[in-house]
Amino acid sequence: MPGLHGVQIKGDSAMSSPVARSRNLLKRNSVRFAAALLAALASLVAAPNAALAAAPQHHDQAPGFYRLKVGDLEVTALFDGAGVFDPHWLNGTKATTDSVVNALHEDPHMLDVADTGFLVNTGQQLILVDAGAGTWWGGGAFGRLAGSLRSAGYAPEEVDIVLVTHLHSDHVGGLTTQDGKRVFPNADVYVAKAESDFWLSPEIAAQAPKDAQPFFQSAQAIAAPYIKAGKWHTFGGSETIVDGMQLVLLPGHTPGHTGYEFSSKGQKILFWGDIVHALRVQLQHPEVTAIFDIDPTAAAATRNQLLPKLARGDVLIAGPHMNFPALGRLRKEGSGYSWAPVVFTDQWDKR
Ligand SMILES: [Zn+2]
Ligand SMILES: [Zn+2]
């Protein structure tokens, strides 16, 4: 199994950051740039309308957050990083996997994925659903969630509750630093008992195949400081943790994989965890599983049950690995489904 679940870092982002690249470019060009600037200034005297020197290109992007309204809830998607899903991480018929490899030649971005967490401000509580990878995966390419949260106007200390869909480190890594400090020191963390019991069990870890060991080690290290502080809570499935939020048990990907459905004023949003990794494959072929699924048969059955309900119910979906802002709706299309993404706007939609 290629390291951690779900996300592979993009080669270029791992090797040199856009900031470092543009800094080098700027250094190299500074002499030329100064000369051009002087020439441009001189030309201003002669011809006031002459163009200035060509601006260097900038490759860094804007802070990663996007928010919208769901009834009375404010939901903010918090970007943690970007990656590419490897086609060999998909399990399907040979015809389907071959068609994916062929389609990738046509569109190399077809399996681009993101890692995203979501903040729900209910007006009473600040609730984070999944926390990104932090520093537990991706060699520094991820771990932007806390910065995205600050850019969105909040501080990690303000988060009251963290709901985690499952304990793969690309969903919980952002909770804890490598030296074992809680990133959200005032938050109570909630996870399904079946999930917690599985990944935090030394006995199960000892019997797991060698290449699955990192999953157990990271889950245990990430949970440890919250357990020590009495901030780690498990649920069976029928409890009320937050008013207006329902637990949706979605087993298969992991034993206690859980979705969280918030309702407000007749509108619904489901945080669906890892129901889908490769949107452009698994919506047309819900039977295709990922090699990270602990129980692939159950994962496919869960997906087959859930997708028609979501398409019928016009439920807004928050999917951590969908392209940012990682929000959208399902539409029935042929024998499968299509994705109607929420598209970025700088407007706050008051509806
Ligand atoms: Zn994942
Ligand atoms: Zn996962």
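Residue numbers run from 1 in the order of the sequence given. When a ligand or atom number is given, it counts from 1 through the structure's own listing order. Any value given below was found using the heavy atoms of this structure, including those in side chains, with hydrogens, waters and symmetry copies removed.
Sorting the N, O or S atoms of D170 by how far they are from the Zn ion (ligand 1) puts OD2 first.
Atoms OD2 of D274 and NE2 of H166, as seen from the Zn ion (ligand 2), are separated by an angle of 90°, to the nearest 10°. Geometry note: the Zn ion (ligand 2) is the vertex, H253 NE2 and H168 ND1 are the arms, and the angle is 90° (rounded to 10 degrees).
In this structure, the side chains of K181 and T176 stay at 4.5 Å or more apart for every pair of heavy atoms.
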For residues 71-80, please give each side-chain donor-acceptor pair under 3.5 Å, one per line with the distance, not counting sequence neighbours.
unit_1	atom_1	unit_2	atom_2	d
D72	OD1	K265	NZ	3.2
E74	OE1	Y154	OH	2.6
D80	OD1	G143	N	3.2
D80	OD1	R144	N	3.0
D80	OD1	L145	N	3.0
D80	OD2	A133	N	2.7
D80	OD2	G143	N	3.3

Quick one: side chains of residues 299-311, donor-acceptor pairs under 3.5 Å with protein atoms, not counting sequence neighbours, listed by atom name and distance.
unit_1	atom_1	unit_2	atom_2	d
T302	OG1	P251	O	2.7
T302	OG1	A298	O	3.0
R303	NE	P286	O	2.8
R303	NH1	I275	O	2.8
R303	NH2	P286	O	3.0
R303	NH2	V288	O	2.8
N304	ND2	A300	O	3.3

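Here H277 fails the criterion, with no N, O or S atom under 2.8 Å of the Zn ion (ligand 2).
Atoms CG and CZ, on L167 and F198 in that order, are 10.5 Å from each other to the nearest 0.5 Å.
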